[in-house]
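All values reported here derive from a predicted model rather than from experimental measurement.
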Amino acid sequence: MEKKCKLDMSGAELVALASSLAICFAKKYEKEDLRRLRFFFQSIASNIATIEIEGLTRNKD
């Protein structure tokens with residue numbers, strides 16, 4: 001059974017969205033706030049990667 005992707009965006013659209021958000025954040029927040037946001041989003045990305053890898057490992061078993 002094939003799973004459908006719930007995130008219906010192309011890679012190019014995701015890059016454009018990320019770029020737009022980064023520009024908006026840069027205009028609104030100061031340097032220290034931007035650093036905190038960077039750490040926050042890096043943490044989210046790291047956690048998603050861990051969950052993804054764990055899921056791939058489970059699917060192999």
For residues 15-28, pull every pair meeting salt bridge (Lys or Arg N to Asp or Glu O under 4.0 Å), keeping only residues two or more places apart or in separate chains.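 For residues 15-28: none.
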List, one per line, each side-chain donor-acceptor pair under 3.5 Å for residues 45-54, sequence neighbours excluded.
unit_1 : atom_1 : unit_2 : atom_2 : d
Asn47  : ND2    : Ser43  : O      : 3.2
Thr50  : OG1    : Ser46  : O      : 3.1
Glu54  : OE2    : Arg58  : NH2    : 2.9

Would you mind writing out the side-chain donor-acceptor pairs for residues 7-25 within the sub-3.5 Å range, not counting sequence neighbours?
unit_1 : atom_1 : unit_2 : atom_2 : d
Ser10  : OG     : Glu13  : N      : 3.1
Ser10  : OG     : Glu13  : OE1    : 3.4
Glu13  : OE1    : Ser10  : N      : 2.7
Ser19  : OG     : Val15  : O      : 2.9
Ser20  : OG     : Ala16  : O      : 2.9

Contacts of Arg35 that satisfy salt bridge (charged side-chain N to carboxylate O under 4.0 Å, His left out) - sequence neighbours left out: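 Per chain and number, Arg35 pairs via salt bridge (charged side-chain N to carboxylate O under 4.0 Å, His left out) with Glu32.
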For Gln42, I'd like to know if atom CD has over 12 heavy atoms of other residues, nucleotides or ligands within 6.0 Å.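 Yes, enclosed.
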